Amino acid sequence: MTYQIFETTDRYIGELFPERDEALIATERSVEESRLEHNMSISPIQGRFLQVMARTCQAKKILEMGTFVGYSTIWMARALPPDGQLITLEADPIHAGIARKNFMDASLDKIIQLRVGKALELLPKIAMEGVAPFDMIFIDADKPTYPEYFQWALRLSRPGTLIMVDNVIRHVMGFTSNTSDDMTEGVKKFNQLLSESPAVVATIIQNVGIKEHDGMAIAVVK
Ligand code: SAH
Ligand code: DHB
Ligand code: MG
């Protein structure tokens with residue numbers, strides 16, 4: 001469900017804020033060049049939104065679950081100071097390979113640490129390393145596991161940490177055919193958990209634009 005007016009408006013906003021640099025454009029292109037089944041990256045305007053949010057919380061350390069080719073990663077990493085750190089987790093070695101190249105081309109391979117594996121297997125290791133708490137956490141990996149990712153995000157947070165979660169509407173509102181029962185169930189459970197969690201103040205922002213009608217959850221840890 002994409003209405004023309006949402007696309008036109010997305011394009012208008014994109015032209016107002018055009019500073020998508022070579023690296024971001026190359027990363028957008030890397031999806032097509034690699035003949036990946038479909039583009040799972042957030043839109044440029046959503047990328048800018050994540051960047052603004054990362055600046056708002058003066059993030060120095062960011063954690064991302066679900067890298068794909070690294071598009072959201074690059075937008076967030078660009079908000080970090082030179083000594084900042086972004087750890088991103090990706091299970092698919094093909095996606096990870098493309099992302100790694102994109103990070104090098106963007107000269108962000110020192111700031112971005114890409115770890116390949118299932119996020120649920122990597123998260124306990126991260127917890128043991130002492131790198132937490134993160135200032136910002138972006139959850140965007142497999143949807144059925146969202147409830148567990150939220151629990152991990154809380155464990156790796158401090159008061160004030162910003163937790164953002166992609167795709168929290170389309171699977172529950174039936175706006176997409178690209179869904180399954182376990183995705184719907186996982187996201188529904190996550191949204192309920194989020195709404196009832198005493199650990200955060202949270203909301204969901206409805207997203208329209210060039211992507212399908214969707215929503216992004218935003219939570220601040222109390
Ligand atoms: N954040 C990216 C898009 C991520 S798409 C962007 O907006 O630019 C979701 C990604 O999660 C896919 O690349 C998929 O391979 C990955 N993924 C799926 N299951 C996973 C898991 N268990 N652990 C880590 N990554 C996973
Ligand atoms: C798709 C989009 C996403 O934002 C995501 O995280 C995973 C998949 C998709 O379009 O299929
Ligand atoms: Mg997503």
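The shown structure was predicted, so the numbers you read here are calculated from the model rather than taken from an experiment.
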Ignoring hydrogens and angles, tell me if any N or O in the side chain of [X] forms a donor-acceptor pair with the backbone of [Y] under 3.5 Å.
{"X": "Ser197", "Y": "Ala199", "answer": "yes"}
{"X": "Asp105", "Y": "Ala26", "answer": "no"}
{"X": "Thr67", "Y": "Val69", "answer": "no"}
{"X": "Ser195", "Y": "Gln192", "answer": "yes"}

Run the salt bridge (Lys or Arg N to Asp or Glu O under 4.0 Å) test on Glu129 and Arg115 for me, step by step, so that the C-alpha distance in whole Å, both residues' side-chain angles and the decisive distance to 0.1 Å come before the verdict. CA-CA 14 Å; Glu129 281 168 26; Arg115 301 196 186 185; 2.8 Å; yes

Return yes when atom [atom1] of [X] has more than 12 non-hydrogen atoms of other residues, nucleotides or ligands closer than 6.0 Å, and no otherwise.
{"X": "Met173", "atom1": "CE", "result": "no"}
{"X": "Glu148", "atom1": "CD", "result": "yes"}
{"X": "Gln58", "atom1": "CD", "result": "no"}
{"X": "Glu22", "atom1": "CD", "result": "no"}
{"X": "Lys189", "atom1": "NZ", "result": "no"}
{"X": "Ile5", "atom1": "CD1", "result": "no"}

Between [X] and [Y], which heavy-atom pair has the shortest distance, and what is it?
{"X": "Asp140", "Y": "Lys143", "answer": "OD1-NZ, 3.2 Å"}
{"X": "Met164", "Y": "Phe49", "answer": "CE-CE2, 3.8 Å"}
{"X": "Lys60", "Y": "Asp135", "answer": "N-OD2, 2.8 Å"}
{"X": "Ala59", "Y": "Pro81", "answer": "O-CD, 3.5 Å"}
{"X": "Leu122", "Y": "Gly117", "answer": "CD1-O, 3.6 Å"}
{"X": "Glu90", "Y": "Gly66", "answer": "OE1-C, 4.0 Å"}

Do the non-hydrogen side-chain atoms of [X] and [Y] ever get within less than 4.5 Å of each other?
{"X": "Leu154", "Y": "Val200", "value": "yes"}
{"X": "Ile139", "Y": "Asp166", "value": "no"}
{"X": "Tyr149", "Y": "Leu123", "value": "yes"}
{"X": "Ile218", "Y": "Met53", "value": "yes"}
{"X": "Phe17", "Y": "Ile13", "value": "yes"}
{"X": "Glu64", "Y": "Ile137", "value": "no"}
{"X": "Leu156", "Y": "Pro133", "value": "no"}
{"X": "Thr73", "Y": "Phe68", "value": "no"}

Worked check of side chain to side chain donor-acceptor pair (under 3.5 Å) between Arg48 and Gln46: CA-CA 5 Å; Arg48 179 171 296 280; Gln46 289 174 317; over 6 Å; no

Taking [Y] as the starting point, is it possible to reach [X] by hopping between hydrophobic residues whose side chains are less than 4.5 Å apart?
{"X": "Trp152", "Y": "Ile62", "value": "no"}
{"X": "Phe138", "Y": "Ile163", "value": "no"}
{"X": "Leu194", "Y": "Met183", "value": "no"}
{"X": "Met216", "Y": "Val208", "value": "no"}
{"X": "Ile205", "Y": "Trp75", "value": "yes"}

Taking it one step at a time, do Asp214 and Asn207 satisfy side chain to side chain donor-acceptor pair (under 3.5 Å)? CA-CA 5 Å; Asp214 208 329; Asn207 290 152; over 6 Å; no

Using 0.5 Å steps for rounding, measure from the [atom1] atom of [X] to the [atom2] atom of [Y].
{"X": "Ile169", "Y": "Glu212", "atom1": "CD1", "atom2": "CD", "result": "13.0 Å"}
{"X": "Leu24", "Y": "Arg29", "atom1": "CG", "atom2": "CZ", "result": "11.5 Å"}
{"X": "Leu114", "Y": "His95", "atom1": "CG", "atom2": "NE2", "result": "12.0 Å"}
{"X": "Thr88", "Y": "Arg100", "atom1": "OG1", "atom2": "CZ", "result": "10.5 Å"}
{"X": "Arg78", "Y": "Leu80", "atom1": "CZ", "atom2": "CG", "result": "11.0 Å"}
{"X": "Ile111", "Y": "Ile87", "atom1": "CD1", "atom2": "CD1", "result": "13.0 Å"}

Is any side-chain N of the basic residue among Glu7 and Arg11 closer than 4.0 Å to the acidic one's carboxylate O?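 The answer is yes: the pair qualifies as a salt bridge.
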
Any side-chain donor-acceptor pair under 3.5 Å between Asp181 and Thr184?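 Result is no, nothing qualifies.
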
Consider only side-chain N and O atoms of Ser41 and Glu28, and report whether a donor and an acceptor are under 3.5 Å apart.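 Their side chains do not contain a donor-acceptor pair, so the 3.5 Å distance test is not met.
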
Yes or no on salt bridge (Lys or Arg N to Asp or Glu O under 4.0 Å) for Asp142 and Lys118, after CA distance, side-chain angles and deciding distance? CA-CA 10 Å; Asp142 49 315; Lys118 290 195 164 129; over 6 Å; no

Full working for side-chain contact (heavy atoms from CB on, under 4.5 Å) between Thr179 and Val187: CA-CA 11 Å; Thr179 195; Val187 175; over 6 Å; no

After noting the C-alpha distance and the side-chain angles of Lys211 and Asp10, does the key distance pass the salt bridge (Lys or Arg N to Asp or Glu O under 4.0 Å) rule? CA-CA 10 Å; Lys211 304 284 292 190; Asp10 242 26; over 6 Å; no

Checking Arg158 against Val221 for the side-chain contact (heavy atoms from CB on, under 4.5 Å) test, could you report, in this order, the C-alpha distance in whole Å, the side-chain angles of both residues, the deciding distance, and whether it holds? CA-CA 7 Å; Arg158 55 159 172 83; Val221 178; over 6 Å; no

Quick one: do Phe150 and Val165 satisfy side-chain contact (heavy atoms from CB on, under 4.5 Å)? Show the steps, please. CA-CA 9 Å; Phe150 179 56; Val165 189; 5.7 Å; no

Take Ile204 and Asn191, measure what side-chain contact (heavy atoms from CB on, under 4.5 Å) needs, and give me the verdict at the end. CA-CA 9 Å; Ile204 294 173; Asn191 287 343; 3.9 Å; yes

From CA spacing to verdict: side chain to side chain donor-acceptor pair (under 3.5 Å), His213, Gln206: CA-CA 8 Å; His213 188 176; Gln206 189 171 194; 2.7 Å; yes

Students often mix this up, so state it plainly: with edges at 30° and 60°, are the rings of Tyr146 and Phe190 parallel, tilted or perpendicular?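 Because their plane-to-plane angle is over 60°, the rings of Tyr146 and Phe190 count as perpendicular.
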
